[in-house]
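Written below as structure tokens is the structure these notes are about.
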Amino acid sequence: MEPTLLLGIDEFTMVLTVDKSQLDDIRDWSPVAINVINRFSQMTELETVFGQETPLTGKIPQGYTIGYQYGDNPFYFAIAYHPENVQMGIVVKFSAYAWAHYCHEWARLHQSPMTIKQFCLLTVTDDFQSRLSRIDFTADFQNYNFTVDDLYRHLTDGSWIIQNADGKKNPSGLSAHEVNKIVETFYVGSKKGNTRLFMRVYDKRREQMEQPSFRYEEALAVESWVRLEAVFKGKYAHQITDSIRDELDSDEQSMKAFIASKLLEKYRFVDVETEEYADLTVALLNVVDAGEHDFSRLRLESPRDSELIRSIQYLMFNSGLFTTMFKCDAIWGNNSGIELLLRMAAVYLRGRHPP
């Protein structure tokens, strides 16, 4: 069978918030939240696509207490809020199945496709703010000549490493799930709640064979199916929301290039000996090249950078350094303070570094 690379979105979570200054009392939050939910439902046509709104019968998203679902469907979709916590906003959770169904039904009803860009634009309003708090990007390698176990063994025996787009080695640890000494799933990074990014690599075909879902027939039609699934949360997801709204074109190729670029920004498989990219990374690079797009990079302020800036600020304004330089100028003449700094630098350069 011909190798095929499919790029897409698995689950995602959106959070809706309002300006807290509009609320005079915490008791105002519940009616405001209900109004926001109703407005969001109208904008996205949830009842038309999924069915009538009812109290959530399944699991309520963690931290929230009042939830709603739409229709009686075989997938998970939820909207929820906490009546005593305005800060948490209103959470909207799409499972992969729910999103696929939503896109399919929207296209059927409107005779036009639904995309994550259109959805993000659809939810822009003066009534509330909306942004993603989590989004999972997927790369499905169907009928490629490698397995999950192959990838994991290359990484653990040192023949391959994972780098980011700047050529820096990914420092995240690996963890794996084995069956009969064969790795079927492994993780790059931690799944803990406060993490902003991790990747899961697993045998999607086996998953569908053992737990049939809406992609079961697709799994039957392929010989192999390895999925790379990168989870972007928190500030990364916020930036992705802005990029989707501002940088993506409406065509499918732009979305594919965007997903590939985000995967490549953080995860590039590299052969240590040849310093060349592995086939799966080359395939993603080809998608980006074909799209001819230049998307902004994800960024996070380094805690170490913040700590250094605070140290410099303390040195300048609180340690007495500037006061000492002023005294030098007053006693020994102008620019004596600068001479002091130069002499201190000379001592540093001679190797008097802190332990």
Is the gap between the ring centers of [X] and [Y] under 6.0 Å?
X	Y	result
Y277	F269	no
F94	Y76	no
H177	F186	no
Y81	Y64	no

Any side-chain to backbone donor/acceptor pair from [X] onto [Y]? Under 3.5 Å, distance only.
X	Y	value
H110	S112	no
N35	P31	yes
R205	S224	no
Q111	R108	yes
T125	F128	no
T241	R131	no
T13	K93	no
D166	K168	no
S336	D329	no
D203	V226	no

| field | Hydrophobic cluster (4.5 angstrom, side-chain heavy atoms) - remaining members for W225 | value |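 W225 clusters with V222.
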| field | Hydrophobic cluster partners of I182 (side-chain heavy atoms under 4.5 Å) | value |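 Listed partners: none, I182 stands alone.
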Is any side-chain heavy atom of [X] less than 4.5 Å from a side-chain heavy atom of [Y]?
X	Y	answer
Y236	K266	yes
V86	L23	yes
I116	F12	yes
I240	F258	yes
L16	T123	no
L228	D140	no
I60	Y68	no
V270	I162	no

Are [Y] and [X] linked, directly or through intermediate hydrophobic residues, by side-chain heavy-atom contacts shorter than 4.5 Å (ILVMFWY only)?
X	Y	result
I66	V91	no
L7	I244	yes
V188	V272	yes
M88	I90	no
I259	V231	no

Minimum-distance pair of heavy atoms, taken over all atoms of [X] and [Y]:
X	Y	value
V15	S133	CG2-OG, 3.6 Å
A230	L263	CB-CD2, 3.4 Å
T185	V148	N-CG1, 4.0 Å
M14	C120	CE-SG, 4.2 Å
A283	Y144	CB-OH, 3.8 Å
A80	P61	CB-CD, 3.9 Å

| said: For a side-chain hydrogen bond (donor to acceptor under 3.5 Å, both in side chains) check, start with the C-alpha distance between Y202 and E229, then their side-chain angles and the critical distance, and finish with the verdict. | reply: CA-CA 8 Å; Y202 63 102; E229 184 173 295; 3.1 Å; yes
| message | Distance alone, cut at 3.5 Å: any donor-acceptor contact between the side chains of T147 and D150? | response |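 T147 vs D150: donor-acceptor pair found between side chains.
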| task | Check the side chains of S130 and R245 for a donor-acceptor pair under 3.5 angstrom, ignoring hydrogens and angles. | result |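 Present: a donor and an acceptor within the cut-off.
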| request: Mind running side chain to side chain contact (heavy atoms under 4.5 Å, CB included) on F141 and F146 for me, showing each step along the way? | output: CA-CA 9 Å; F141 296 86; F146 57 79; 3.8 Å; yes
Which distance, rounded to the nearest 0.5 Å, do you find between the [atom1] of [X] and the [atom2] of [Y]?
X	Y	atom1	atom2	answer
F40	L122	CZ	CG	8.0 Å
K204	M209	NZ	CE	11.0 Å
Q129	T17	CD	OG1	4.5 Å
L340	N335	CG	CG	12.5 Å
R268	I161	CZ	CD1	12.5 Å
L109	H104	CG	NE2	10.0 Å

| Within 6.0 angstrom of E210 CD, more than 12 heavy atoms from elsewhere |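 Check passes, neighbour count above 12.
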| message | Is it true that, when you exclude E178 itself, more than 12 heavy atoms of the residues, nucleotides or ligands shown sit nearer than 6.0 Å to its CD? | response |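 Correct, the count exceeds 12.
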| salt bridge (charged side-chain N to carboxylate O under 4.0 Å, His left out) involving E217 - partner list, sequence neighbours excluded |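 So E217 forms no salt bridge (charged side-chain N to carboxylate O under 4.0 Å, His left out) with any residue.
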| message | Taking salt bridge (charged side-chain N to carboxylate O under 4.0 Å, His left out) as the definition, give me every residue that meets it alongside R134, ordered by chain and number, with sequence neighbours left out. | response |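 So R134 forms a salt bridge (charged side-chain N to carboxylate O under 4.0 Å, His left out) with E11, D136.
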| request: Mind checking side chain to side chain contact (heavy atoms under 4.5 Å, CB included) for T115 and listing every partner two or more places apart, or none if nothing turns up? | output: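 Counting only residues at least two positions away or on another chain, T115 forms a side chain to side chain contact (heavy atoms under 4.5 Å, CB included) with K117, Q118.
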| request: Could you check Y267 against K262 for side-chain hydrogen bond (donor to acceptor under 3.5 Å, both in side chains), going step by step and ending with a plain yes or no? | output: CA-CA 9 Å; Y267 303 105; K262 293 305 154 197; over 6 Å; no
| said: Tell me which pairs pass salt bridge (Lys or Arg N to Asp or Glu O under 4.0 Å) where either residue lies in residues 47-74, with sequence neighbours left out. | reply: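 Residue pairs passing salt bridge (Lys or Arg N to Asp or Glu O under 4.0 Å), neighbours aside: none found.
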| request: Could you point out which residue of F77, F119, W106, F50 forms a ring pair (Phe, Tyr, Trp, His ring centres under 6.0 Å) with W99? | output: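 Of F77, F119, W106, F50, ring pair (Phe, Tyr, Trp, His ring centres under 6.0 Å) with W99 is met by F119 alone.
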| Under the salt bridge (charged side-chain N to carboxylate O under 4.0 Å, His left out) criterion, do R27 and D25 qualify, and how do the steps go? | CA-CA 5 Å; R27 289 172 293 185; D25 190 277; 3.0 Å; yes
| Derivation and outcome, side-chain hydrogen bond (donor to acceptor under 3.5 Å, both in side chains), residues E218 and Q142 | CA-CA 10 Å; E218 184 179 355; Q142 296 179 344; 3.0 Å; yes
| Y187 six-ring centre to K191 NZ/CZ under 6.0 Å and within 45° of normal |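 So K191 does make the cation-pi contact.
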| field | Verdict with reasoning, V18 to V32, per side chain to side chain contact (heavy atoms under 4.5 Å, CB included) | value | CA-CA 9 Å; V18 298; V32 168; 4.3 Å; yes
